[in-house]
Amino acid sequence: MKTPVSLTIDEPLFKTLHRHLFPGDHDEHGAVIAAGVAETERGTRLLAREVFLAKDGVDYVPGTRGYRALTARFVVEKSSYCADQNLCYLAVHCHGGWDSVGFSSDDNASHERGYPALLDVTNGGPVGALVFAENAVAGDIWIRQGRFRLDHLAVVGPRIRRLYPTPQPRPPHADPVYDRHARLFGDIGQAILHRLKVGIIGLGGGGSLLNEWLSRLGVGHIIAVDFDRVDLTNLPRVVGATQLDALSFLTAQRNGWLRKLGKRFARHKVHIARRVAKKANPSICYDAIVGDVLDEDVARSLADVDFLFLASDSIQSRLVFNAIVHQYLIPGAQVGAKVPVNENSGEVGEIFVATRPVLPYREGGCLQCHGLIPPSRLRDEALTEGERRAQRYVGYEGITEPSVITLNVLSAAQAANDLMMMFTGLYNDETTMPQMINFIRDRQLITVEPRSDEYCLSCGSSAKSRRARGDRARLPCRMPIQ
Ligand SMILES: [Zn+2]
Ligand SMILES: [Zn+2]
């Protein structure tokens, strides 16, 4: 098991658990968390999928050895549920106190008595225990090969925060270049941004803006995914792209062969983005992935980011992005601009830009539940060029839509502000984050309230949904070529 080990929980589930543990009676209470798991480059992420509250006096009773304990019946019932669902079993209780907490010797003794057997019941786990104070949490996580302590609990909502077993040391003063930032969100806020790893899917118009802004914000690590090379027609929109990157001395030629050669060797968009990011912040850690998020290995490389942007306009990439958000409990946002032009008359329709936060819980803005991943368009995109021609296919694909940098800015800026506010505590847990659609010509800004379907395979909680399952579910990527 890779360390550090962390647990991520969404804000609504955390609130349910916290209210149960701390009703104001200063007594001990218990619960069980069923969690998925993701093994990533940055450690093992446990992902809270469900919380079972133990009823006081029924499921959580005076113990024979410790003060109180979950009843054997409750433990058996919930651990077999976890085994059936291929989830990890985590027993939870609380102690008094505010920002420090640890297991008692009775707690540790009971783990040593119980967990080896529980590992057998749950197919090797992990299994474990968490103990909460009002604002702290410690954890003892077991697998067959050993035992690990929980590094922290991450709560994902409009305000993203971490709980640790003890108060964290104050960060050193932020680099003086960030003086104006620190005046807004403090050295702590700047340190949080420095610790972030942020994914960007699509480094064209919107994505290249996000890339530059995040680097200047002081985000410590960016992972950028795009298979595309820069093209002459991208130069007005892709931040930092030059004529030389696009090999315009070749691609502007009439000679088809020279044009092809230019297109083939033009610079990849992710490499331009890396250059821009390094200029803005020389100490940034940068992963430039020339690849497609529709491929499972590329998609899985995003499983440890703290935030994920989707700035690519295919419906298939929406499907995968939405699945990553919910399967790995990673908050994200989709950005885009739309300039509909009537094919026949050339008339320009409603120009709008959209910023759509997608948070990993029901009513968090799931793209599927909002009807933004229509199956008919997924099917259309899956057709090959030849199949499209054979069907005399006319649609959005193949028809190049207008695109202008000033429109991209509007959708991307709101999304970048959301990231900054969510991580530095400028939003609180009650902040609502509906989608924002800005109709430019009417100067009309509308918000779209969250919609959600209980049976959604991404955000729903039915046994079939991928929510919080991490590595233990498939992503809707294309099948690898054998
Ligand atoms: Zn205890
Ligand atoms: Zn949904």
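Just follow the structure's listing: the first ligand is 1, and inside any ligand the first atom is 1. Quick note: numbers below take in every heavy atom, side chains included, and nothing from hydrogens, waters or symmetry partners.
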Given the options V325, L47, L13, T8, V156 meets side-chain contact (heavy atoms from CB on, under 4.5 Å) only with T8
Please state the angle at the Zn ion (ligand 2) spanned by SG of C459 and SG of C456: what is it, rounded to 10 degrees? 110°
In short, P331 meets L359 closest at the heavy-atom pair CB-CD2, 3.8 Å
Starting from the Zn ion (ligand 1), look over the N/O/S atoms of D107 and name the nearest one. OD2
Just give me the atom name: the N, O or S atom of H93 closest to the Zn ion (ligand 1). NE2
Pair Q414, D418 - check side-chain hydrogen bond (donor to acceptor under 3.5 Å, both in side chains), show working. CA-CA 6 Å; Q414 178 67 42; D418 281 341; 3.3 Å; yes
Please state whether the separation between the Zn ion (ligand 1) and some N/O/S atom of E28 is under 2.8 Å? no
Do any N/O/S atoms of C94 come under 2.8 Å of the Zn ion (ligand 1)? no
Just checking: C366, one of its N/O/S atoms, less than 2.8 Å away from the Zn ion (ligand 2), yes or no? yes
Y164 vs D99, test: side-chain hydrogen bond (donor to acceptor under 3.5 Å, both in side chains). Steps then yes/no. CA-CA 8 Å; Y164 293 90; D99 58 7; over 6 Å; no
Apply salt bridge (charged side-chain N to carboxylate O under 4.0 Å, His left out) to residues R147 and E112 and explain how you reach the verdict. CA-CA 10 Å; R147 170 175 190 182; E112 279 148 27; 2.9 Å; yes
